[in-house]
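A quick note: this is a predicted structure, and the numbers were derived from the prediction, not measured. In what follows, chains carry the letters A, B, and so on, assigned in the order in which the sequence lines appear, proteins first and then strands, with residues in each chain numbered from 1.
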Amino acid sequence: MRRNVFLRSVVLVATLSLVAVACGSDEPEPEPGGDGGPAASVDPASITGTIRLYSYSDGFDPDYMETFFEQYPNIELETAAFGSNEEAVAKIQAGFEADVINSCVDEATLEMVNKGIYQPLDVNRLENWDAIWPGMKQLPGVIVDGETYIVPVDAGTAGIMYNADEITAPPTSWTDLFDPQYAGRASIEDLAVTAIDIGALANGIENPLEMAPDQLEMVKQYLIDNRDQFRTFWKGEADVKSQFKSGEIVIASGYPGIAKDLRTKDDLNVQFAAAEEGQMLWTCGYGISPDIAEENLDAAYALLNWYTSLPPQIYAATNWNYLTSNQGIIDAVPPKIVEEASLDSLFTLDNAIPASPPDDRAAWVAAWTEVKAG
Amino acid sequence: MATRAIERSGLAVADPAGAARWRRRRAINAWGWRGFLTIVGLLLFGPLVILVLFSFNDSNILAFPLEGVTTKWYSEALTDPVLLKALANSFQVAFVVAPLCLVLGTLAAFGLTRFRFRGRGVIGGLVGAPLVLPWLIIGIAALMGYARADIDLSLKTVVMTQTVCTFPLVTAIVAAQLFRFQKVQEEAAIDLGCSRLQVLRHIILPHIGPALAAAGIFAFAWSFNNYEISAFVLGFQQTFPVWVYSSVRNPDHTAVVNAISALISAAQVVLIWFALRLMRLRGGDKATTEMIAGTEAVAAAAKT
């Protein structure tokens with residue numbers, strides 16, 4: 001009996017310790033808020049608040065953010081990274097709270113708007129709204145039913161990367177990825193929407209996002225029939241760079257920045273070419289959660305205004321080869337950067353296909369899964 | 001040696017052809033085992049060797065040929081404030097989770113192995129459930145629970161959730177050891193005048209010591225390496241595995257990830273070597289064997 005009492009006492013103490021650890025909080029209390037006025041009309045240093053930023057990790061890269069902290073010394077930033085928009089949606093719906101949330105139109109912006117993850121933005125408080133490329137404002141999820149939900153910040157176009165030492169005639173079409181002479185030495189990105197888009201465009205379907213089910217079936221079968229054309233389906237930049245460097249592949253779907261990195265950092269003659277059928281345009285941006293505390297709203301708008309200002313956009317174009325949303329970027333960087341990051345392509349986005357999820361995204365994902373399974 | 005074995009069995013005298021077959025079969029078995037162990041070794045340690053190799057490669061692309069030898073990725077890793085903070089957070093969490101799990105897991109092991117009470121099977125099942133439930137599900141469920149209870153996400157929520165998921169591991173290891181413990185020793189000590197605390201200190205703890213050491217090491221490692229739970233119940237901080245996952249998107253971080261992972265792996269190898277050495281010093285090879293038996297019990301528990 002005494003033994004039972006002893007053991008129960010120890011169990012009780014241990015349990016209480018655990019509960020005590022769980023119930024406390026080491027999160028700092030939010031600082032007092034700003035003055036409530038429009039961010040554009042006040043001294044940046046006077047804006048205060050704590051912003052919880054939930055983003056891809058490059059969205060709060062310390063070097064990238066340097067000018068933000070110089071400009072807004074009294075805004076505290078707490079950051080958390082996600083690996084994909086799907087992960088972010090799952091976590092937010094399970095109860096995770098953030099104030100400013102990053103998303104990409106080719107992943108889940110529209111879905112996040114529809115699920116109430118963003119609040120409508122007051123465009124009058126977006127200092128650089130008028131300078132944003134008009135084409136970017138038209139992308140799915142940016143403006144819905146007349147309300148603006150995210151401010152586009154960066155973008156990119158998908159095209160064809162090729163080893164110019166091995167392929168002397170630059171590719172011009174998505175069909176070049178399926179050219180038998182590159183059998184087993186080609187690669188495409190392992191993203192359902194992008195891969196199915198490529199298959200559709202290579203088959204002459206001009207508007208892949210509005211494909212009928214029988215067309216999707218045809219594209220799926222085409223990709224399955226050409227499965228051996230591809231050495232692999234690449235998942236990240238590190239993957240595709242390694243494959244080019246080791247000589248496993250000579251042609252792949254990809255982005256200008258990756259090709260530039262391979263040329264400048266790894267001395268490989270990998271070039272980028274746009275496909276005549278159309279180039280997939282991805283765009284990412286930031287919006288504000290409806291759950292943000294009122295006192296932090298000024299700070300949130302300040303962060304959005306900073307993202308669309310020229311200093312971070314110059315950084316992103318120069319270091320990451322991103323297309324950036326502020327039209328002023330063209331005059332703000334040397335012509336060499338304009339060329340390397342294809343910044344001027346934003347003038348001619350006529351054949352751009354917004355890489356946004358189609359209505360029957362689940363069917364596309366299922367089709368791509370079948371293709372990968374062979 | 002083989003000849004002596006054959007002679008002892010009498011095969012050489014009675015059936016020379018049978019002895020030759022026996023030798024051939026024995027040689028095939030030996031080579032088979034060597035081949036099997038080589039494959040297992042390559043699968044286990046091959047990726048680690050490649051990781052270390054590329055951590056010294058003067059390029060952040062994982063492809064042969066190597067560009068040259070450099071230690072700059074180690075310098076970058078050890079001066080990256082975000083990475084160092086993530087590492088500090090992981091150590092902080094693991095140093096709290098491991099002792100908590102040792103206490104809770106040992107108590108649960110005692111309760112389940114020493115006492116007969118109504119609902120013992122159900123409680124045993126509940127304790128073992130986190131070993132078989134996907135941690136991703138536990139992470140999402142915990143996040144939903146914290147959100148409903150209005151508890152701020154922080155390292156403390158990570159500690160609590162990891163503790164719940166890790167202490168059953170300790171329970172499995174310690175319970176396996178307690179099952180082998182002969183209770184008569186405990187009763188004899190009490191008959192000879194020992195108090196309960198003296199029995200605990202002089203009889204029980206020395207017996208379960210190796211299992212506790214093994215459980216502590218595994219609890220620490222589980223906590224330190226955990227991604228699935230931390231990713232969901234962590235607030236606006238990062239632990240090391242979460243940092244690694246979020247850095248994968250940035251190819252410039254690949255080599256830095258290799259470098260810091262090589263250091264962490266080396267530290268874990270040293271930790272395990274130290275633990276094994278400690279076991280040998282304190283209890284000889286038997287204690288070491290028992291520790292490994294404890295790990296086998298974990299595998300068995302996980303299967304059930």
Side-chain angles (χ1 to χ4, degrees), chain A residues 2-4 6-8 10-11 13-15 17-19 21-27 52-54 56-58 60-62 77-84 87 90-91 93-98 235-248 258 261-262 265-268 319-320, chain B residues 59-65 67 80-82 96 100 103-104 106-108 110-111 114-115 139-149 151-157 159-161 163-164 167 196-197 199-200 231-238 242-243 245-254:
Chain A
R2 277 179 54 208
R3 182 178 59 187
N4 284 354
F6 168 73
L7 281 173
R8 283 173 187 163
V10 178
V11 170
V13 169
T15 308
S17 307
L18 188 62
V19 170
V21 165
C23 292
S25 169
D26 64 358
E27 295 292 330
R52 299 170 299 176
L53 171 64
Y54 193 33
Y56 277 117
S57 59
D58 50 7
F60 51 86
D61 180 283
L77 209 57
E78 295 178 352
T79 58
F82 51 71
S84 69
E87 177 193 332
K91 201 168 163 179
Q93 288 206 300
F96 186 80
E97 288 186 357
K235 279 184 179 297
E237 280 190 40
D239 269 0
V240 73
K241 284 179 174 176
S242 301
Q243 289 158 15
F244 267 114
K245 191 175 181 193
S246 63
E248 287 176 81
I258 299 177
D261 271 359
L262 285 165
K265 294 182 183 171
D266 294 283
D267 205 23
L268 285 176
N319 293 281
W320 300 332
Chain B
S59 167
N60 55 21
I61 293 181
L62 300 180
F64 290 105
E67 296 285 331
D80 183 333
V82 179
V96 178
L100 269 176
V103 173
L104 288 175
T106 306
L107 291 174
F110 268 100
R114 291 301 181 86
F115 304 111
I140 293 173
L143 171 58
M144 294 171 77
Y146 293 133
R148 301 295 174 276
I151 296 173
D152 290 338
L153 298 180
S154 67
L155 290 182
K156 287 171 184 169
T157 48
V159 165
M160 189 166 78
T161 318
T163 301
V164 168
F167 92 85
R196 288 285 174 193
L197 277 177
V199 170
L200 183 69
F232 279 94
V233 298
L234 194 59
F236 289 83
Q237 290 153 308
Q238 290 196 76
V242 172
W243 176 85
Y245 185 72
S246 65
S247 298
V248 166
R249 188 169 182 253
N250 184 348
D252 290 342
H253 280 175
T254 310

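Classified by interplanar angle (parallel below 30°, tilted 30° to 60°, perpendicular above 60°), the ring pair A:Phe96/A:Tyr54 is tilted.
Listed options A:Ala238, A:Gly95, A:Gly247, A:Ala94 were ranked by heavy-atom pairs under 4.5 angstrom with chain B; first place goes to A:Ala94. When the candidates A:Ser246, A:Ser242, A:Ala90 are compared by the number of heavy-atom contacts under 4.5 Å with chain B, A:Ser242 comes out ahead.
Rounded to the nearest 0.5 angstrom, B:Thr157 OG1 and B:Ile151 CD1 are separated by 8.5 Å. A distance of 9.0 Å separates CZ in B:Phe236 from CD in A:Glu97, rounded to the nearest 0.5 Å. Rounding to the nearest 0.5 Å places CG of B:Leu234 at 11.0 Å from CG of B:Leu143. For the atom pair A:Leu268 CG and A:Phe244 CZ, the distance stands at 9.0 Å (nearest 0.5 Å).
Both the backbone and the side chain of B:Phe232 have a heavy atom closer than 4.5 Å to some heavy atom of chain A. For A:Lys235, no part lies near chain B; criterion is any non-hydrogen pair under 4.5 Å. Of the two parts of B:Pro65, only the backbone, made up of N, CA, C and O, holds a non-hydrogen atom closer than 4.5 Å to a non-hydrogen atom of chain A. Neither the backbone nor the side chain of B:Val242 has a heavy atom closer than 4.5 Å to any heavy atom of chain A. Only the backbone of A:Leu53 comes within contact range of chain B, with heavy atoms under 4.5 Å apart.
A salt bridge does not link A:Asp266 to A:Lys241: none of the charged nitrogens lies less than 4.0 Å from a carboxylate oxygen.
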